[in-house]
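Written below as structure tokens is the structure these notes are about.
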Amino acid sequence: MRVGQFQDHPTLGFVDWTLRGVGQVVFQNNPLAGLVILLGLLVNSWIYAAICILGVVASTLTAIWLKADKGLIRDGLFGFNGALVALALVAFTSEDFQTGAIPSVAMTVYLVCAAAFTTMAFATIAALLGPHKVAPLTMPFVLVGWLFLFAVLKFNAIEAGPMAKPVSPDQFAYSAPYDFGTWYQGIGTSIGQIFFQDNWITGYIILVGIAINSRISAAMCLLGAVIGTFIAALFGGPEGAIRDGLFGYNAALTAIALGGFFLVFNWSSLLYAVFGAVVSAWLWASIAIFLKPIGMPVLTSTFVLVTWIMLIGQYAFKALVPVPPAEATTPEDNRRRYLAGLQTDSGAE
Amino acid sequence: MRVGQFQDHPTLGFVDWTLRGVGQVVFQNNPLAGLVILLGLLVNSWIYAAICILGVVASTLTAIWLKADKGLIRDGLFGFNGALVALALVAFTSEDFQTGAIPSVAMTVYLVCAAAFTTMAFATIAALLGPHKVAPLTMPFVLVGWLFLFAVLKFNAIEAGPMAKPVSPDQFAYSAPYDFGTWYQGIGTSIGQIFFQDNWITGYIILVGIAINSRISAAMCLLGAVIGTFIAALFGGPEGAIRDGLFGYNAALTAIALGGFFLVFNWSSLLYAVFGAVVSAWLWASIAIFLKPIGMPVLTSTFVLVTWIMLIGQYAFKALVPVPPAEATTPEDNRRRYLAGLQTDSGAE
Amino acid sequence: MRVGQFQDHPTLGFVDWTLRGVGQVVFQNNPLAGLVILLGLLVNSWIYAAICILGVVASTLTAIWLKADKGLIRDGLFGFNGALVALALVAFTSEDFQTGAIPSVAMTVYLVCAAAFTTMAFATIAALLGPHKVAPLTMPFVLVGWLFLFAVLKFNAIEAGPMAKPVSPDQFAYSAPYDFGTWYQGIGTSIGQIFFQDNWITGYIILVGIAINSRISAAMCLLGAVIGTFIAALFGGPEGAIRDGLFGYNAALTAIALGGFFLVFNWSSLLYAVFGAVVSAWLWASIAIFLKPIGMPVLTSTFVLVTWIMLIGQYAFKALVPVPPAEATTPEDNRRRYLAGLQTDSGAE
């Protein structure tokens, strides 16, 4: 199937953009990848799958209303932060984090507005980072997610459950020993947690979705999750947090971003991505403790912070080959174009 | 009376700039508007009126000493953050929030330095936002206000009262029912709270001051205060906080900024401003809870955050017509100039 | 001895860069200054001296691996944040703050990675501030220091002691009277605390190191420490915190930065630097209280914040003569070059 064949279709186009929006959470501009990821969510809970679609649609429609750039809309770039913020609002206000609860009317209005607000936040962060050729990543989601999560707990009309999910390593027992389940579940759930899915099977299905579009991205995602899980264990993190994938989801995203997507894939960028994943695993704990007095979850703030710190200054480091966000497609394509450019240059000499 | 007739006067000029500084808190570059607002403060407490003048004078003199741009000084742009920081320091260290207390000598030195520091913060934030054609708004005040408020509580020489004013929705009872007073007092006090005036009559006098210079701005200010108050009630916010205008003052400022001042006034920008006011009302609660562990008031941080998020990325949205800060005068003028520009363009065809 | 004679040496070059890295903490691009400062640390504790070297080497080697600009590496600019982060991690995890403890293997890996991460943070902050011609100062250290300090407390494999050092003025008694020791020890320790050295003799040795390279910088450093100490006393700060140099170390750094280093030294910039030092002393208390709920130390965040606020907007103030970071050498040189430029200009008339 040729990717993009529905992108221009008058009626199916919007479906295509929505599925790409789901895929863009893990940097995959591919509707089929988005569809498989959505199936992964469905395996865990139909509520989350529906909320994910609602979020993408709300933020994408806002972009259309405001007459944003069509290319960005069609690539799903106005959708993925909306998806995440909608998922987060449901996940952290449901009594059962794993399956989620159907939101009330007031809550639905509220989360649609939050998703719409990510569209404005995306444009603003993109404008601020424009001169540095670095993408907003999931920062619109993190920012809007924090802001809207706080407020929700203070309005009577929104019946928010207790925050059922522990948000900090402190809230897990340190005594439990690591076993085989810690590893295969921790690694899978790390990938699932990117979409707030506390389900390791969903995590491995998401990995398949990524692999449809890019083998390198899938490999980096798995490597990041493995690094996050093992680094946490090596340094003695609590078993429950490791098994729940909390040390791994930021590391997985950092590894995808630095491992071929925003930097041409080679030995230097691989090492750079591994270092980034290690730091992301450590700093998840750090930001969790920082946010604990206000009871706020980390979301993907660690990934954004580490990746920005490692990318904004990249032009100072000649050992790295940057890929500007507007040109980033897949690690495979980025590398092919770079090598082709080198050949042209040497051929011209 | 022609606006600006005293702006160039050798001795009365400074008075004119000071009054404009007061007006600029609510985007009104008009000495008469400033004078009426000052009278509104005087109705509530002569102490606050005096402190407001002291703050404007301190920050404006600092700008003159540092040889800042004369045009900005004469338009009161170096004054309004000084006014707010001086008011905040007195309001939050007085035993009676409503009338304020005469500051001690140590406190006076301290608040004059804080006001002077806003001049530097204004220049810095203006420089940072320059490429995005977005104004510093009241961020210099928020930043310097937070920094100086914290420290004041730790010095013996400054006798700070207890923070008499609740700073978070948590601190109000949820059980009180809404009545007629909730509405007309809540809306008026929302406008008063922009200047830390816990007095609904002062609020409506400020509204008159705004209307002298711009009817659209006055209408947007009222609309913002109404939206803030009703959204809070609709979502079940605590009655005391609504009556005290706490949900409304950020919404009112956001509505003025987006409703014709920094965006040409039309149906799109009106809807955009309404959305911004709704979000500001929700997020006041959010930032209040975020700041609660350290006991810090929200000030106008919600207004600044929401307005920046909705303006910095504006050039990505073709549905909006931006007005760069240097050209923003009043919504009426901005619209007139834009329509005249359109006519010229079509006339040239 | 001609400064720079070893900077190009094939094997001794790296030693030269490392010593400059130590000197750059206090803006001294001079290996001899770095050496004297290192001796100052050694007088207090050989552990800290060794850790300081380890930090500079780790972050400088990272810059070399990533092929960063050679000029910056050779001037020690990739080293000083690494030194500080390594010192901070040891200082705040040792049972005895004053002498420090030898770090475990896990901790050593961890702090080397933290130092390496400052190199990326330095490049990123430099890129963000580039258009404003303002230096990253010690922000890479503050940011990475906070992030890595938090996480360290949550990993079993790193045996962190209790945070022995009080981090907020709240934790000191207010009743103790000021005596002669408060002054001479408080001023000396203020300078020592820049390097986490709770030792007033070390502070005065560091001052000698600075004076080797620049008398004006040494004078400003001392002036800043004196201002910090006296302002705290004048406003009734707790004696223990004053004697420990906590009110003074940010003030000392601010005074060096504004007093001739990033602004040409004259009466205006001297007054500006004095104002900055006063504000830094006040705001140390402020940020300490802000960070207290999460138990995090202030580090040099106050210095960075105040100096950035006073420098980023400097081009708006014609009373100040900016020195872009790339041209800043010593206050003496900066002034000489500026006066020479004036003469050339008037000669050309």
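Note on naming: letters A, B, ... go to the chains in the order of the sequence lines (proteins, then strands), and numbering restarts at 1 for each one.
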Surrounding [atom1] of [X] (heavy atoms of other residues, nucleotides or ligands, distance under 6.0 Å), is the total greater than 12?
X	atom1	answer
C/L339	CG	yes
C/K318	NZ	yes
C/Y338	OH	no

Parallel, tilted or perpendicular for [X] and [Y], by the 30°/60° rule?
X	Y	answer
C/W282	B/F148	perpendicular
C/F290	B/F150	perpendicular
C/F317	B/F78	tilted

Problem set entry | Heavy-atom pair with the smallest gap, counting every atom of C/F275 and B/A116 | CZ-CB, 4.1 Å
Seminar exercise, completed: Those residues at least two apart in sequence (or on a different chain) that pass side-chain hydrogen bond (donor to acceptor under 3.5 Å, both in side chains) with B/T300 are B/T138
Exercise. What part of C/Y315 is in contact with chain B, defined as an atom under 4.5 angstrom from a non-hydrogen atom: side chain, backbone, both or neither?
Worked result: neither
Problem set entry | Close approach to chain C in residues 121-130 of chain B, criterion heavy atom under 4.5 Å | B/A121, B/A123, B/T124, B/A127, B/L128
Exercise. Can you tell me how far the OG1 atom of C/T302 sits from the CG atom of B/L147, to the nearest 0.5 Å?
Worked result: 8.5 Å
Exercise. Just how far is it from atom CE of B/M120 to atom CD1 of C/I312, taken to the nearest 0.5 Å?
Worked result: 14.0 Å
For this session: Identify which part of B/W65 has an atom lying under 4.5 Å from any heavy atom of chain C, answering side chain, backbone, both or neither.
Result: both
Exercise. Among C/S286, C/S268, C/P131, which has the most heavy-atom pairs under 4.5 Å with chain B?
Worked result: C/S286
Exercise. Got B/V144 and C/I309 here, is their nearest side-chain heavy-atom distance under 4.5 Å?
Worked result: no
